[in-house]
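Below is one structure, written out as structure tokens, with a few remarks after it.
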2 protein chains.
Amino acid sequence: MRQTQSHQSVQAALLKRIHSGEWSPGMFIPGEVELALEFGCSRTTVNRALRQLAENGIVERKRKRGTRVTPMPVARATLEIPIIRKEVEDRGSEYRHSVVLKEIKKAPASVTARMQLKDKKLLHIQTLHLSDGAPYMFEDRWVNVEETPGIENAPFDEISPNEWLVQEVPYSDGDISFYASSANKELADFLEIKEGAPLFIIERTTRMNDVAITSLKMAYTEGFKMTSKL
Amino acid sequence: MRQTQSHQSVQAALLKRIHSGEWSPGMFIPGEVELALEFGCSRTTVNRALRQLAENGIVERKRKRGTRVTPMPVARATLEIPIIRKEVEDRGSEYRHSVVLKEIKKAPASVTARMQLKDKKLLHIQTLHLSDGAPYMFEDRWVNVEETPGIENAPFDEISPNEWLVQEVPYSDGDISFYASSANKELADFLEIKEGAPLFIIERTTRMNDVAITSLKMAYTEGFKMTSKL
DNA sequence: TTGACTTTTATGTGTATACATAACAGCATA
DNA sequence: TATGCTGTTATGTATACACATAAAAGTCAA
């Protein structure tokens, strides 16, 4: 029998059994061949459905052992980190930015540790991002100049360093972390908030083949919220 | 020619071209048939490689139009939100929790709005989670009792509401958000921090077929950091 | 010129088949 | 007993083929 979208319906059927508790966490589920027979489709189709469930962390698969419902399901949220300008404009606000500092300098230890670049002079850029004229986010960025040709002449009054890098410099991997912190004097001044006010911090380092390209710290004022579906 | 892992190598080859700038953002790349010919593999294999790239947001695909490198790539971070006990124990600390409040009550407007359950009495549970005896996170949870049979008799002195729900109550979807806030008097007392100290807040609502199961707010003290790969 | 129809094209998906590979079980040999 | 060599099994992956489908491009008649 040839159906369309059948891997999706198979996946839905499997999910239903898991969600209903018919297959409980930790339990091994029937093999691909058996399921293919039951659903009246090919093993390929079942395989795809199961593969997708495994990608989403719903089931765990191992050769020979079989497939089982993940015993302790970890909730996963996929966050999308858009370009700042888009983030602001999508909310219907006007975006502006201003580069408040641009220097070539030896980075402090905390930055060199993250980037694993010792004793190199890095480009240090601080940018204030504004939404409808009000301070929205403060960005403190360090850039490995050797890996980003052209950055010295980039027109940062027109395009933000954020956007320029995303468009001009490819990266292969990186890491990101989120935490809460309180504003120090400098940040408080820039963001026009009280010293000690809570900030949402995103720290991000991107690399190309294990060589750090840029590392940055973004400080969002209270009111910023990051949302995602589970 | 039959190779193993070839969809991975094809994907790697495609990624390389994108990262190297040979194919720049917004550009349409050759069709599946053409690529299959070039790589000496079947269209199926190219399809799978491209499908995975599309899932990761690297390329955009549309029937008939073709495949193009995502013009404005949005960085995506997949966060894993583990069970609190695991989170603490994985860091080598001893986990304990204590339920500080358990009542059946009409929820305040902010909660009913999130859960879209009006005028229902909900179970309200507040739990303090401890790491090596020190306050780690404060959880404020509202539960739709009708959808969670057995919760009234659950042994919350042994197992945390968090863990009990994950294991006993299946859910189909939900949403989650992250933001920074400052501690009010009550939270400051529980978490043994100063009033006004920054907190990392995770708000989460889970649903089963569009019916809210539980909605909770988790407040982490400063020092908590959520990390992920890009 | 406009609007309805047809063709073309690139991706989307399903089937049958084959071989690859990891891990386990059981047997046999030193 | 320990160790190495078989199968065996379930998933992992590649291939050739066929049909589905959305969207663009082309065609033609009112």
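Just so we're on the same page: letters track the sequence lines, and every chain starts at 1. In this text, all values refer to a predicted model and were calculated from it rather than measured experimentally.
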Tell me the interatomic distance from B/L37, atom CG, to C/dA10, atom P, rounded to whole angstroms.
13 Å
Members of residues 52-61 of chain A that approach DNA chain C, where some heavy atom sits under 4.0 Å away:
none
Earlier contact from the 5' end, DNA chain C, for B/V33 and A/T45
B/V33
Treating A/D132 as the side-chain partner and A/E94 as the backbone partner, does any N or O pair qualify as donor plus acceptor under 3.5 Å?
yes
Atom CZ of B/F28 and atom P of C/dT9 are separated, to the nearest Å, by 17 Å
Using a 4.0 Å cut-off on heavy atoms, which residues in residues 62-69 of chain A reach DNA chain C? List them by number, or say none.
A/R63, A/K64, A/R65
For B/T78, check side-chain contact (heavy atoms from CB on, under 4.5 Å) against everything at least two apart and list the hits.
A/R76, A/T78
Distance criterion of 3.5 Å, no angle test: do you see the side chain of A/R43 paired donor-to-acceptor with the base of D/dT13?
yes
By ring-ring contact (aromatic ring centres under 6.0 Å, His included), which residues pair with B/Y136, not counting sequence neighbours?
B/Y220
Below the 4.0 Å mark, does D/dT13 have OP1 or OP2 next to a side-chain nitrogen or oxygen of B/R48?
yes
For B/S181, what residues pass the side-chain contact (heavy atoms from CB on, under 4.5 Å) criterion, not counting sequence neighbours?
A/E222, B/Y179, B/I201
Is any side-chain heavy atom of A/R85 closer than 4.5 Å to one of A/S160?
no
Hey, could you give me the CD/CD1 distance between A/E89 and A/I83, rounded to the nearest 0.5 Å?
10.5 Å
Check every atom of D/dT15, C/dT15, C/dT13 against the side chain of A/C41 and return the nucleotide holding the closest atom.
C/dT15
Would you say the side chain of A/M218 lies within less than 4.5 Å of the side chain of A/I84, judging by non-hydrogen atoms?
yes
Ring-plane angle category for A/F200 and A/F224, please: parallel below 30°, perpendicular beyond 60°, tilted otherwise.
tilted
What is the distance, rounded to the nearest whole Å, between atom CZ of B/R51 and atom P of C/dT11?
13 Å
Does B/T44 make a side-chain N or O approach to OP1 or OP2 of D/dT15 shorter than 4.0 Å?
no
What's the CD-P distance between A/E34 and D/dT9, to the nearest Å?
14 Å
Taking atom P of D/dT11 as reference, at what distance in whole Å does atom CG of A/L14 sit?
12 Å
Would you be so kind as to tabulate the donor-acceptor pairs closer than 3.5 Å made by side chains of residues 27-38 of chain A, with sequence neighbours excluded?
{"from": "A/E32", "atom 1": "OE1", "to": "A/R43", "atom 2": "NH1", "distance (Å)": "2.5"}
{"from": "A/E32", "atom 1": "OE2", "to": "A/N47", "atom 2": "ND2", "distance (Å)": "2.9"}
{"from": "A/E32", "atom 1": "OE2", "to": "A/R61", "atom 2": "NH1", "distance (Å)": "3.3"}
{"from": "A/E32", "atom 1": "OE2", "to": "A/R61", "atom 2": "NH2", "distance (Å)": "2.5"}
{"from": "A/E38", "atom 1": "OE2", "to": "A/R17", "atom 2": "NH1", "distance (Å)": "3.4"}
{"from": "A/E38", "atom 1": "OE2", "to": "A/R17", "atom 2": "NH2", "distance (Å)": "2.4"}

Check whether any side-chain N or O of B/Q8 sits under 4.0 Å from OP1 or OP2 of D/dG12, and answer yes or no.
no
Could you state the atom-to-atom distance from CG of B/N47 to C1' of D/dA16 in whole Å?
14 Å
